[in-house]
Amino acid sequence: MELRALNPPFSIGNVFCPIRSRVRWLRKHYIYGNGYVEKNVKSIRAYSQRTKRSYICCSSNPQINHFLPSETELLNGKVIYSVAAAMGHNKEAHPECNSRVPAITDALEKMKLTTEFRGMEIIKLEKFKPAKVEDLARVHEGAYVSGLEKAMDQASEQGLILIEGSGPTYATSTTFQESLLAAGAGISLVDAVVMSHSKTLVAASKIRKDPPVGFALVRPPGHHAVPTGPMGFCVFGNVAIAARYAQRAHGLKRVFIIDFDVHHGNGTNDAFYDDPDIYFLSTHQDGSYPGTGRINHIGRGDGEGTTLNLPLPGGSGDRAIRDVFDEVIAPCAQRFKPDIILVSAGYDAHVLDPLANLQFTTATYYMLASNIQQLVRDLCGGRCVFFLEGGYNLSSLSNSVADSFRAFLGEPSLAAEFDNPAFLYEEPSRKVKEAIQKVKHIHSL
């Protein structure tokens, strides 16, 4: 989608305008799905007046249904993030609880990594809509989506239900709507990063050196959710839904997905296993939940070769993933030539995380964020969105996400303040090298 130059007062298309005029114009000319704009013009006006921010209303592409930051913000921003904390989706003493996203946002505030302190460098998307059922249906079976919606009545009566048989995935009465909102938060960021790189917007100013990176701070996570149902704390495949949306709404045919969660992203793997246009690359701890993602699982049919799974031996850490990035991730992305890169950002490979046994550190996540940012600048004009997946030690999770933000801003890491070398032990370098050589041989790297 391209942004079109507009002459006052307006033309039908993307709208850059003062809020008072925008409201009048929207009421007169714009039919927004289910009367959304008419119902919300008061809140839009109030929010814009309160924050002194203007918004872009996307209407030239009927697929786009979000109010995005202003043209100036998109041109100057380095990080664009959205928050969907799913506070009603919660189970006490469960690792995937509603404390996770607030821990991150509190850390961002404490470390002055928000719009309040950084101005237009860091943009928070305050307004976005839930994903549509049609968006979910491009990844998940309709029977699962409708069945989960109906199950909300039972969850409302019982307070909490298990939705994965005997598995660990639970639901409360708000889970369906909050899961739609999590997927919608990711979709909104796809819209934002695409618009920030539109030819018309870039032509209106100097070509930017620092394209913004999107980060969806959302839950429930998504990369375990399979087409037929929930799994492993995950309800809907947020990154998979965003990948299909990027293709359909923006014509970004070739999507490269990096998953560095400690657990294999089996749901994303399954969704695109026979698709040659979506490359799924997962690094994960060998033998960990859910037991999938073997090194010889490389795709099927037309999609053969566009799935890469690299199980890492327990104890792998910073040195291992640096070698993996240089020898596997970067060459794969360079050969695939993606239009956009999406990242399943799991922070549960941290040495302090309770659910696995890798040795990533805050510095590791800074490196990954920085290297991926440079990769997307080189390959696809900076179009990139991170999606929060795992991470269950609230301290290491929040510090690592904050350091990822610093990487996107081009600022030095503060990992030395948080990482304790005493927790680390010798990495299994020989086994890591063997795994890298094997996957390079399988994929002709």
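Numbering of residues begins at 1 and proceeds along the displayed sequence.
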(request) Please say whether more than 12 non-hydrogen atoms of neighbouring residues, nucleotides or ligands are located less than 6.0 Å from CG in Asp302. (result)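 Open: at most 12 neighbouring heavy atoms sit under 6.0 Å from CG of Asp302.
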
(message) Counting neighbours of NZ on Lys431 that are heavy atoms of other residues, nucleotides or ligands and sit closer than 6.0 Å, is the number greater than 12?
(response) no

Please enumerate all residues that pass ring-ring contact (aromatic ring centres under 6.0 Å, His included) together with [X], with sequence neighbours excluded.
{"X": "Tyr365", "result": "Phe260, Tyr347, Phe360"}
{"X": "Tyr366", "result": "none"}
{"X": "His224", "result": "Tyr289"}

All side-chain contact (heavy atoms from CB on, under 4.5 Å) counterparts of [X], not counting sequence neighbours:
{"X": "Ser146", "value": "none"}
{"X": "Ile161", "value": "Ala151, Gln154, Ala155, Gln158, Ile163, Ala171"}
{"X": "His297", "value": "Tyr273, Arg294, Asn309"}
{"X": "Glu96", "value": "His89, His94, Arg100, Tyr170, Arg219, Pro220, Pro221, Phe233, Tyr392"}

(request) Sequence neighbours left out, what pairs pass ring pair (Phe, Tyr, Trp, His ring centres under 6.0 Å) with at least one residue falling in residues 418-445? (result) none

Could you tell me which residues satisfy salt bridge (Lys or Arg N to Asp or Glu O under 4.0 Å) with [X], sequence neighbours excluded, listed by chain and number?
{"X": "Arg322", "value": "Asp318"}
{"X": "Glu434", "value": "Arg430"}
{"X": "Asp275", "value": "Arg244"}

(message) Test: salt bridge (Lys or Arg N to Asp or Glu O under 4.0 Å). Region: residues 398-418. Which pairs qualify, not counting sequence neighbours?
(response) Arg118-Glu411, Asp403-Arg406

(request) Using a 4.5 Å cut-off on heavy atoms from C-beta on, say whether the side chain of Ile329 contacts that of Leu281. (result)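 Result yes, sub-4.5 Å side-chain heavy-atom pair found.
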
(request) Return the orientation label for the Tyr144 and His140 ring planes: parallel under 30°, perpendicular over 60°, tilted otherwise. (result)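 Taking His140 first and then Tyr144, their aromatic rings stand perpendicular (interplane angle over 60°).
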
(message) Check for me whether Arg254 meets the cation-pi criterion with Phe336, that is, NZ or CZ under 6.0 Å from the six-membered ring centre and within 45 degrees of the ring axis.
(response) yes

